[in-house]
Structure formats: structure tokens, C-alpha cells
Amino acid sequence: PLVPPTPPLYRLLHPQRRQAIASSAVVCGTGFYPASSGALHTMMWTNGEGELLVDGSPDEPLTLLLSFSRSRPAVLGPAEVTIEVDDVAQQSFTLEPATSRMGRPSTVAVPIPPGSREPTRVLIRSATFVPEELLGTDDSRRLGVPLTLITTKPRHRGPHQRPRSFVDSYTKIVANAAFTQGFIDRWWNVESTVVYPPVSMREAGTKKNTILSVGRFFAAEHGHSKKQLEMVRAFRRLCDRGLKGWELHLVGGCASDGQAYLQAVQSAAAGLPVVMHPNASGAELHELYASASIFWSFTGLGEHPRRDPARFEHFGITTVEAMSAGAVPIVLRAGGQVEIVRPEIEGLLFDDIGSVVKATWRVASNDELRARLSIGARERAKHFDMTRFTERFQAVVEEAVAAER
């Protein structure tokens, strides 16, 4: 079976179409373990000699695309991988271990020549390890390298079309925001439907003069950073401008590879009323949501939405959570955030550090405005609760079922 990629969307697979995956251009032969879910994507591990059978064309060349997850234990170091096509070594490459939890897969293009009516045999060779022996787990499999995407494309394909054999096997493709939908529709040449994800509503409490941000601590080079360092710089400018009696609270998980970034944020916040909450408990986060008056989201600040869309908020669940507790959202005018926050109704949007400082000063210094936007935020958040999600998703399911009748 093929291993589908995992962009942020929901997919409905009609039972009668499942066979389309198994009968498409590539099937897995020997040397593969069943697919398993990793931290970021679905993977299929080889046993050191994974065999793929590719149905090519007698007349047209084909390109086999293999995406390898960087999930091998870092202690093993780089893995040397050789790819053979019909028993001839076609190419070799080095699969480097991930430097962070957000490590992107390594994709290799393997040319499949025309001329044969028999399936082309592609063999993926690599060194192996046994997790039980190396890590002390109960996994006794002998593992080679993990693949997260296997697909094909013709040699000549337009720039906005991608391999879509597995896409055609689905009745409906559902995106989690219009921001995501735009890329999905252009990438796969489909018409997807937006269904916003369900968000748990939070309780409002006694409000304090606090600005809250929620998101993991890691530097921008490792993915869609929440930009806490930029938040501290913006907050310093607010304090220099004369903002008094307010605190900035930064909440988020922090893995070992994020410690250096966390320390940089702490150093930048020296002398400021900034409170850090790395790896906060659920109860602590609940209290912070309840008491926060303003919510900040800087994700995507300074990034390019067309070149690096993954660095933006595709939707913005924490923004909605904060709004449901009455915090006024002041968020970047980009990504999925603009679908959540309507300016001057339930919050404000900004474009850069200067504009977020102005917007925050305006809300923090005007009790009447803050109270009005807070009421609007709580009402708007209901638009994304479980009830609304159920209604939207049920409608998509019913439409998909009706289309198959």
C-alpha cells in the first residue's frame, strides 16, 4: 500500500475506493513493516532491504518520489542509503538524523526508465538497528530506514500539479482553514471543503492586566516558531513607551532542543515583568487563560506566506481558546488567524512589531474598548466549538455518502 502524506487536512475514504491505493503505480514488496504513526507523520520502516514494484510505461519515463523520515535515533548518526533499480545501483545518499522534532523528511527522486511491461524492482538498502538492543525498548524488529511518502509522477508535469493517484481515491478532501485550502487546491488541483477544527471552550475568570501567548519554545529555523523572542522585544517597547502594571506571560512546551532558545528569550526579558511558563500543567494553563486580558500570536511574523506557508498558523486553536475565555486577540494579519479575528469586532490585527505595539497600547489603555472586544471575542469563539464542528462535518459526510449512491 502507499503511504499518504500528511498535510493539515481531514480525508474521507470511501470503503469501495480503498483498493485504488493498492492497485496504483507502486506496491510494496518484501522488506517493509506495516505502517505506524510517528510524532509528526505516518511511516513505513524497511528491514534494511525494502522492495518496491513500480508499474511504469513502455513509452513514458516515470519519476519515483521517496520521502524518508529522519526518525532514526540520532545516536546512530547518518545512514548511508543505496537505491537499486532492477538490481543496478542507481543512486546513493546520506540520510541525516533530525536536529529537532520538526525535522523535515528527505525526498529522493528516482528515475524509472520506459521500455518494460513488467514492474520495475526498486530496492532500498541501508544499515539496520534493533530498538530493543539500542534503546532498551520492547521493539525487537530489525529496522533500516523509514519512508513517509511513496508516489510517482510523469517526467513532464506542470508546475502546479502533483502526483495525485491517492488523492483521486478519496470522496472528499477537507481543509482545516481557507488558508490551507488555497494551497491544497492548487497543489493537488482539487476543490476541497473547509471545516474548522473543534476547539475546547475555556472559562473566563477575574481578568488581570496580563498579555498571554501559548505555544512551544523553539527557534524559527526549526519550523513555525511562535516568535517569543519578538514578543519580548515588542513588550520592552511597550514598557519603554510607559505601559505600567502589565505582565507578559509566555506558556509552552520546551523539549531539550528548545532549551537554548528558551534561555535566549529569558535573557531578552531580563528586567521586564515577563513570566515564563515552560511545560506548564493543564491546570496552570487554565488559570492563565481565565485571567488574561490580551492574547498575542506572532507566528509567521517576518516570514513569507507563499514561500514558507508552514511557518504560519494554519488556523489558530490557541487563539480561539483564549477568546473563549474573554482575552482580546491581537494577532498577525496572516494565515488562518484572519479567518478567526475580525478587526474592531473581537480583536485587532497587526503587520509588524510597530503595529502590534500600537494595537496593544490602544487596548491596554482603554478599558471600554477592551471590555467591548472581550465580549465580542467570547461570542466569536462559539463559532468554532464542538457543536459547530459537528454540524459542518456531518454535512460533509452526508454529501460524500450521497455522491456515492
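Using a 4.5 Å heavy-atom cutoff, the side chains of Met201 and Arg378 are not in contact. For the pair Leu134/Val130, no side-chain contact is recorded, criterion being any heavy-atom separation below 4.5 Å from C-beta on. Counting only heavy atoms from C-beta outward, the side chains of Val356 and Leu301 never approach each other to under 4.5 Å. Considering only heavy atoms from C-beta on, Ser126 comes within 4.5 Å of Thr46 through its side chain. Under the 4.5 Å side-chain criterion, counting only non-hydrogen atoms from C-beta, Ser92 is not in contact with Glu80. At least one side-chain heavy atom of Leu285 sits less than 4.5 Å from a side-chain heavy atom of Arg202. Between Arg311 and Ser225 the shortest side-chain heavy-atom distance does not fall below 4.5 Å.
Ring planes of Phe179 and Phe183: perpendicular class, angle over 60° (limits at 30 and 60°). In this structure, Trp45 and Phe129 have perpendicular ring planes: the angle between them is above 60°, well past the 30° mark.
Thr180 and Asn176 share a donor-acceptor pair across their side chains, judged by distance under 3.5 Å alone.
Proximity of a side-chain donor or acceptor of Glu346 to a complementary backbone N or O of Glu379 within less than 3.5 Å is not detected.
The local environment of CG in Asp138 is sparse, with at most 12 non-hydrogen atoms from other residues, nucleotides or ligands closer than 6.0 Å. Annotation: Glu132, atom CD; neighbour count of heavy atoms from other residues, nucleotides and ligands within 6.0 Å is above 12.
Annotation: side chain to side chain contact (heavy atoms under 4.5 Å, CB included) contacts of Thr319 (sequence neighbours excluded): Phe295, Ser297, Met323, Pro329, Val331, Gln337, Ile340, Val341. For Asn47, the side chain to side chain contact (heavy atoms under 4.5 Å, CB included) partners are Tyr33, Glu49, not counting sequence neighbours. Evaluation of the side chain to side chain donor-acceptor pair (under 3.5 Å) rule for Asn366 yields no partner, not counting sequence neighbours. Scanning for salt bridge (Lys or Arg N to Asp or Glu O under 4.0 Å) contacts around Arg372 gives an empty result, with sequence neighbours left out.
Using a cut-off of 4.0 Å between Lys/Arg side-chain N and Asp/Glu carboxylate O, Glu287 and Lys208 are scored as not salt-bridged. Using a 4.0 Å cut-off between charged side-chain N and carboxylate O, Glu313 and Lys227 make no salt bridge.
Of the inter-residue distances, the one linking Arg333 atom CZ with Asp351 atom CG reads 4.5 Å to the nearest 0.5 angstrom. The CD atom of Glu191 lies 9.0 Å from the CD atom of Gln181; values are rounded to the nearest 0.5 Å. Atom OG1 of Thr193 is separated from atom CD of Glu399 by 6.0 Å, given to the nearest 0.5 angstrom.
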Set out, in order, the CA-CA distance, both residues' side-chain angles and the distance that settles side chain to side chain donor-acceptor pair (under 3.5 Å) for Gln394 and Glu398, then state yes or no. CA-CA 6 Å; Gln394 182 65 34; Glu398 291 175 354; 3.2 Å; yes
Please step through side chain to side chain contact (heavy atoms under 4.5 Å, CB included) for the pair Leu64 and Ile150, ending with a clear verdict. CA-CA 7 Å; Leu64 176 65; Ile150 306 170; 4.2 Å; yes
Verdict with reasoning, Glu51 to Arg121, per salt bridge (Lys or Arg N to Asp or Glu O under 4.0 Å): CA-CA 7 Å; Glu51 179 189 59; Arg121 180 174 180 265; 2.7 Å; yes
In sequence, state the C-alpha distance, the side-chain angles, and the governing distance for Gln266 and Gln228, and then conclude on side chain to side chain contact (heavy atoms under 4.5 Å, CB included). CA-CA 10 Å; Gln266 290 172 329; Gln228 290 95 338; over 6 Å; no
So Leu66 and Leu52, side chain to side chain contact (heavy atoms under 4.5 Å, CB included) or not? Walk me through it. CA-CA 11 Å; Leu66 304 176; Leu52 299 172; 3.6 Å; yes
Could you go step by step and tell me if Lys382 and Asp385 meet the salt bridge (Lys or Arg N to Asp or Glu O under 4.0 Å) rule? CA-CA 5 Å; Lys382 296 175 184 177; Asp385 65 10; over 6 Å; no
Begin from the C-alpha positions of Leu250 and Val232 and carry the test side chain to side chain contact (heavy atoms under 4.5 Å, CB included) through to its verdict. CA-CA 9 Å; Leu250 302 178; Val232 169; 4.0 Å; yes
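Here ring-ring contact (aromatic ring centres under 6.0 Å, His included) pairs that include residues 226-253, with residues two or more places apart or in two chains, are His249-His277. Listed by first and then second residue, the ring-ring contact (aromatic ring centres under 6.0 Å, His included) pairs that reach into residues 318-337 come to none, sequence neighbours excluded.
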